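To keep things clear, I will list the structure first and then write my remarks on it.
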Amino acid sequence: MNDTLEPLTGAAGEETEALFALPVGTPEIRKAAETLRNYKDGKANLEARVVEDERWYQMRHWEVIRRGKESGTRPEPSSAWLFNAIMNKHADAMDNYPEPNILPREAQDEADAQRLSAVLPVILERCEFEQTYSDNWWEKLKHGTAVYGVFWNNDMENGLGDVDVCQVDLLNIFWEPGITDIQKSRNLFVVNLQDRDLLEEQYPQLRQQDMGNAVDIKQYIFDDTVRTDEKVVVVDWYYKLRTPEGRTVLHYAKFVGETLLFASENEPDYAERGWYDHGRYPFVFDTLFPEKGTPVGFGYVALCKDPQLYIDRLGQNILENAMMATRPRYFAASSAGVNEEEFLDWSRPIVHVEGTLDDARLKPVTVNTLGSIYPNILEMKISELKETAANRDMSSGGTNGGVTAASAIAALQEAGNKAARDMISGSYRRYTQLGYLCIELVRQFYDEMRSFRITGPNGNRYEEVSGQSLREQVVGTAADGSAQTRRPVFDISIQPQKRNPFSRMSQNELAKELYGLGFFNPERAQEAVGALELMEFEGKSKVLRQITQGQTLQNTCRQLSETLAGITGVAAGGSGEMPPAAGGTGGGNTLAASAKQAQLATQDNYGETLVRRGMTGGTAG
């Protein structure tokens with residue numbers, strides 16, 4: 001988020017009494033800080049669970065189990081079955097990285113929609129969204145919720161500003177308890193720690209102020225020693241107001257302790273308009289398993305830590321028994337006369353004994369080995385965790401029954417990935433909301449034309465985008481003389497990038513199969529189109545387009561052939577010569593045959609080109 005706001009003009013450096021004349025002053029900041037503390041109290045259980053889940057993810061759950069007690073001599077195995085499940089889910093998500101496709105609602109906005117479809121991925125690439133997407137997927141899988149922040153950052157593009165999509169830590173954002181939709185929260189707070197000296201340099205008025213923390217931030221348990229004594233809590237406060245016209249506007253304030261640093265409601269440029277024109281909180285919550293009465297959910301750690309706990313406890317007992325059985329111990333009578341030091345030192349070949357040594361004076365301790373039922377129970381708990389997490393062997397590339405063909409493996413993976421597809425579809429729906437916020441920021445802040453390089457399969461091209469064409473446009477005059485305006489509205493559809501090699505191979509096999517069945521033969525275009533209408537696969541629209549183009553080209557060549565034949569006949573009749581018979585060597589038939597042969601060769605090229613592409617290539621952008 002953009003933390004480079006200018007100090008509050010005029011009012012920030014004045015005495016406290018001067019702030020009372022503004023909509024947001026010291027009393028409002030005190031009330032906001034009290035609201036923030038109430039929100040934090042309502043979120044206490046969630047924060048404790050998030051911190052504990054992080055320990056389970058790091059495979060340090062024995063520290064959670066001991067609850068602060070010192071570890072004893074018993075083994076504490078930390079198996080990675082839970083981590084493996086989370087890792088595979090993350091790989092599934094990144095294999096299907098989303099690409100936005102902007103669709104217009106009116107025909108006159110088609111050109112703008114195409115430009116936005118090409119430019120939006122570039123805007124996201126500039127703010128390293130793929131890394132943010134990856135980081136937030138880890139958060140979603142671990143804790144059940146990932147939070148995206150979509151802001152306008154004035155520091156980007158050498159001060160020109162641009163859209164910035166950031167990850168927001170679940171411990172640092174606070175909402176009204178009891179709500180499910182984050183947009184319905186009356187207030188929204190985001191807090192972060194900043195260095196005291198850097199903040200005083202940016203806001204000189206803070207040097208004379210008490211920068212007490214408005215709230216304490218819950219911290220993770222770090223390996224490193226993290227000092228926070230030289231840092232202060234900076235609060236970003238978002239809230240909504242209803243205008244007399246019935247429009248909802250979003251306002252933003254920034255404060256430290258009881259010191260106001262910025263308030264959009266105090267600024268003439270934003271007082272009526274609001275901070276962002278879209279009027280929504282600039283945050284998107286991506287939830288895995290939803291819960292009632294809260295915008296967040298729970299993740300795979302909360303779902304699978306119970307079987308993981310018993311897997312490790314059973315493993316602890318089995319390992320402890322194995323260690324006892326493989327390290328012999330003895331009962332020794334006090335009168336055994338065995339040199340204990342020599343007896344325990346295996347490097348000494350001779351152990352001295354006083355008197356007679358027999359079984360009555362030195363007897364080995366017998367350890368009963370565990371039966372096979374206990375390892376079987378352990379395997380049952382491992383299988384339970386796999387089934388609970390939908391992380392079966394086939395999902396991670398394992399096979400049973402000798403399945404080795406790539407297409408068969410891909411088919412089995414797709415059949416077993418219902419849970420992954422549902423999980424990824426949920427993220428696509430939230431990605432759509434993120435895309436809308438990005439478009440609205442482009443509409444509001446792109447005052448000047450900006451150029452973007454678009455890299456595609458056919459090389460580079462350049463697109464220019466400005467917010468002017470996306471804003472309200474005058475289209476006429478009403479009967480009362482007022483201007484009639486329209487605002488371009490767009491829809492967003494998501495298509496995944498298929499990065500899984502098995503998926504690409506299966507798509508290539510399908511392309512070759514369609515080609516072998518004659519789907520790209522122009523003579524059978526009508527049959528092919530009818531068959532494709534009953535089929536569902538990735539790239540279907542592209543295949544239909546190629547077949548339709550082939551049929552159109554064939555019809556065009558046939559018409560040209562007939563026209564050439566007619567012209568040849570007219571020319572032959574005017575000269576008194578008879579046109580050559582069919583199959584002869586006359587010029588008219590030769591031209592027609594050449595045109596037809598060229599047409600057929602062109603159609604073959606369409607099919608061959610499609611097979612070479614493997615139906616996996618994307619459009620530019």
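This is a predicted model, so every value here is computed, not measured.
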Q: Hey, can you tell me if W137 and Y133 have their rings parallel, tilted or perpendicular (30° and 60° cut-offs)?
A: perpendicular

Q: Please state whether the rings of W56 and H61 are parallel, tilted or perpendicular, taking 30° and 60° as the class boundaries.
A: parallel

Q: Go through K218 and L46 one step at a time and tell me if the side chain to side chain contact (heavy atoms under 4.5 Å, CB included) criterion holds.
A: CA-CA 11 Å; K218 182 76 172 180; L46 172 64; over 6 Å; no

Are more than 12 heavy atoms from other residues, nucleotides or ligands located less than 6.0 Å from atom [atom1] of [X]?
X: E201; atom1: CD; result: no
X: N45; atom1: CG; result: no
X: W62; atom1: CH2; result: yes
X: L344; atom1: CG; result: yes
X: Y428; atom1: OH; result: yes

Before accepting this row, confirm whether a basic side-chain N of the pair [X]/[Y] lies closer than 4.0 Å to the acidic partner's carboxylate O.
X: E54; Y: R60; value: no
X: K31; Y: E34; value: no
X: K142; Y: D53; value: no
X: E176; Y: K184; value: no

Q: Determine whether the aromatic ring centres of F83 and Y57 lie less than 6.0 Å apart.
A: yes

Q: Taking the six-membered ring for Trp and the single ring otherwise, decide whether the centroids of Y431 and F129 are under 6.0 Å apart.
A: yes

Using only atom types and a distance under 3.5 Å, with no angle test, would you say the side chain of [X] pairs donor to acceptor with the backbone of [Y]?
X: T287; Y: P295; result: yes
X: Q316; Y: E76; result: no
X: S383; Y: E379; result: yes
X: Q194; Y: L199; result: no
X: Q183; Y: Y281; result: yes
X: D164; Y: M156; result: no
X: K89; Y: M423; result: no
X: D195; Y: L198; result: no
X: D422; Y: K418; result: no

Indicate yes or no: at least one non-hydrogen side-chain atom of [X] is less than 4.5 angstrom from one of [Y].
X: K43; Y: P177; value: no
X: V234; Y: V191; value: no
X: M323; Y: P75; value: yes
X: L288; Y: F298; value: no
X: V256; Y: V233; value: no
X: N136; Y: E139; value: yes
X: Y310; Y: I377; value: no
X: I86; Y: V301; value: yes

Partners of [X] by ring pair (Phe, Tyr, Trp, His ring centres under 6.0 Å), sequence neighbours excluded?
X: F343; result: Y330
X: H352; result: none
X: W138; result: H90
X: Y300; result: F289

State, without any angle test, whether [X] and [Y] hold a side-chain donor-acceptor pair at a distance under 3.5 Å.
X: N172; Y: N192; result: no
X: N391; Y: N84; result: yes
X: D286; Y: S427; result: yes
X: D236; Y: Y252; result: yes

Out of curiosity, [X] [atom1] to [Y] [atom2], how far, rounded to the nearest 0.5 Å?
X: R49; Y: E47; atom1: CZ; atom2: CD; answer: 11.5 Å
X: D197; Y: E230; atom1: CG; atom2: CD; answer: 8.0 Å
X: K40; Y: I217; atom1: NZ; atom2: CD1; answer: 8.0 Å
X: R30; Y: T26; atom1: CZ; atom2: OG1; answer: 6.0 Å
X: L370; Y: L314; atom1: CG; atom2: CG; answer: 10.0 Å
X: E384; Y: C304; atom1: CD; atom2: SG; answer: 9.0 Å

Q | F283/F151 under side chain to side chain contact (heavy atoms under 4.5 Å, CB included): CA gap, chis, key distance, verdict | A | CA-CA 9 Å; F283 301 96; F151 311 104; 3.5 Å; yes

Which heavy atom in [X] sits nearest to a heavy atom in [Y], and how many Å separate them?
X: I311; Y: S79; answer: CG2-OG, 3.6 Å
X: V150; Y: C438; answer: CG1-SG, 4.0 Å
X: P98; Y: I494; answer: CB-CG2, 3.5 Å
X: Y39; Y: N187; answer: OH-ND2, 3.4 Å
X: T132; Y: C127; answer: OG1-O, 4.5 Å
X: D92; Y: I424; answer: O-CD1, 3.6 Å

Q: Can you run down the ring pair (Phe, Tyr, Trp, His ring centres under 6.0 Å) pairs that involve residues 165-186, sequence neighbours left out, and say none if there aren't any?
A: W175-F285

Q. What residues, two or more places apart in sequence or in another chain, satisfy side-chain hydrogen bond (donor to acceptor under 3.5 Å, both in side chains) together with R74?
A. N317, E320

(Q) Quick one, R348 with D345, criterion salt bridge (charged side-chain N to carboxylate O under 4.0 Å, His left out). Give me CA distance, side-chain angles, the key distance, then yes/no. (A) CA-CA 6 Å; R348 298 189 178 188; D345 188 355; 3.5 Å; yes

(Q) Could you walk me through whether L437 and V165 satisfy the side chain to side chain contact (heavy atoms under 4.5 Å, CB included) test, starting with their C-alpha distance in whole Å, then the side-chain angles of each, then the deciding distance to 0.1 Å, before giving a yes or no? (A) CA-CA 10 Å; L437 293 178; V165 182; over 6 Å; no

(Q) Between D135 and Q131, is the side chain to side chain donor-acceptor pair (under 3.5 Å) condition met? List the steps. (A) CA-CA 6 Å; D135 294 342; Q131 183 62 51; 2.8 Å; yes

Q: Tell me, please, whether F262 has K254 positioned over its six-membered ring: NZ or CZ under 6.0 Å from the ring centre and within 45 degrees of its axis?
A: no

